[in-house]
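Starting from 1, each residue takes its place in the sequence as its number. Side-chain atoms are counted along with the backbone in the values below, which use heavy atoms only and exclude waters and symmetry mates. Note that the coordinates shown come from a computational prediction; the quantities given were computed from them, not determined experimentally.
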Amino acid sequence: MANLYELQQKNVRVILLDEKYELLNTLDSAIKAVIYSLNAHMTGVKISEATRQGLARRRAEGVVLGRPAGSRNVVYKLTGKEAIIDKMLAERKSKSAIARKLKVHRCTLINWLKRRDEKRRGDM
């Protein structure tokens, strides 16, 4: 409701698309806005409650929800590009330049290199 009030103060036209109704600075429009606001709130509450009930039902059935503990990705954005990365590192290219070439964020490359180094140390 506060958002609608702010819009009206800024002379922004608010139109309810489903009824093609324009909210004006009238009592009728204010009542309609309150009704729509309450309806939207109640819809959100119903969706939230249905989600909670569904999750509780699944838990009661014994289903483990969420990501399994300790599971990790096997495939990353840079998987399969090891040769290119190693070649560019050997050419003394900066990590930022390598990331730009591979169209990933610099942090993605740095994290991938850390994971790879950890894996190599673990394999020894």
Side-chain angles (χ1 to χ4, degrees):
M1 284 304 304
N3 292 339
L4 286 175
Y5 181 74
E6 275 183 49
L7 291 172
Q8 286 179 343
Q9 295 303 311
K10 294 178 181 179
N11 292 324
V12 175
R13 289 177 55 197
V14 178
I15 300 172
L16 304 176
L17 294 177
D18 57 341
E19 292 187 21
K20 295 184 178 101
Y21 182 83
E22 183 175 359
L23 294 179
L24 305 169
N25 285 330
T26 64
L27 180 61
D28 188 40
S29 290
I31 293 170
K32 198 162 210 132
V34 168
I35 291 170
Y36 268 86
S37 177
L38 288 172
N39 185 31
H41 176 72
M42 292 306 298
T43 301
V45 168
K46 287 179 184 176
I47 290 171
S48 178
E49 185 60 30
T51 302
R52 263 192 237 103
Q53 288 175 354
L55 291 172
R57 188 185 79 245
R58 296 295 284 176
R59 274 190 215 100
E61 293 170 357
V63 175
V64 178
L65 302 174
R67 180 179 60 82
S71 69
R72 289 184 161 214
N73 288 344
V74 178
V75 179
Y76 295 92
K77 278 184 168 185
L78 297 173
T79 300
K81 299 181 180 177
E82 293 88 352
I84 297 167
I85 295 169
D86 290 336
K87 179 180 176 232
M88 292 179 81
L89 286 171
E91 293 171 355
R92 315 248 329 133
K93 300 277 187 189
S94 70
K95 290 179 177 125
S96 294
I98 297 169
R100 274 193 301 273
K101 170 89 170 150
L102 298 173
K103 294 185 170 96
V104 297
H105 194 275
R106 177 181 48 86
C107 293
T108 302
L109 175 64
I110 291 168
N111 289 334
W112 182 86
L113 289 168
K114 284 180 187 175
R115 273 193 304 274
R116 183 177 76 165
D117 290 345
E118 287 171 7
K119 187 177 177 189
R120 285 181 177 174
R121 272 187 253 125
D123 290 344
M124 292 179 177

Residues 95-117 vs salt bridge (Lys or Arg N to Asp or Glu O under 4.0 Å), sequence neighbours excluded, gives Asp86-Arg116

Taken to the nearest 0.5 Å, the spacing of Ile98 CD1 from Met88 CE works out to 5.0 Å

Hits for side chain to side chain contact (heavy atoms under 4.5 Å, CB included) against Arg13, two or more places apart or cross-chain, chain-then-number order -> Ile15, Glu22

Sorted by chain and residue number, the side chain to side chain contact (heavy atoms under 4.5 Å, CB included) partners of Lys10 (sequence neighbours excluded) come out as Glu6, Val12

Item to complete: Using modelled atom types only, decide if a donor and an acceptor are shared between the side chain of Thr43 and the backbone of Asn39 within a distance under 3.5 Å.
Response: yes

Residues at least two apart in sequence or cross-chain that pass side chain to side chain contact (heavy atoms under 4.5 Å, CB included) with His105, listed by chain then number, are Cys107, Thr108

Connected to Ile110, directly or through other members, by ILVMFWY side-chain contacts below 4.5 Å are none

Hits for side-chain hydrogen bond (donor to acceptor under 3.5 Å, both in side chains) against Arg58, two or more places apart or cross-chain, chain-then-number order -> Glu61

Side chains of residues 75-85: which donor-acceptor partners sit under 3.5 Å, not counting sequence neighbours?
residue, atom, partner, partner atom, Å
Tyr76, OH, Asn73, O, 3.4
Thr79, OG1, Tyr76, N, 2.8
Thr79, OG1, Tyr76, O, 3.2
Glu82, OE1, Gly80, N, 3.0
Glu82, OE2, Gly80, N, 3.4

Hits for side chain to side chain contact (heavy atoms under 4.5 Å, CB included) against Ile35, two or more places apart or cross-chain, chain-then-number order -> Ile31

Contacts of Glu49 meeting side-chain hydrogen bond (donor to acceptor under 3.5 Å, both in side chains) (sequence neighbours excluded), chain-then-number -> Arg52, Gln53

Residue pairs meeting salt bridge (Lys or Arg N to Asp or Glu O under 4.0 Å), one or both in residues 36-48, sequence neighbours left out, come to none

The side-chain hydrogen bond (donor to acceptor under 3.5 Å, both in side chains) partners of Lys32 (sequence neighbours excluded) come to Glu19

Residue set satisfying side-chain hydrogen bond (donor to acceptor under 3.5 Å, both in side chains) with Thr51, at least two apart, ordered chain then number -> none

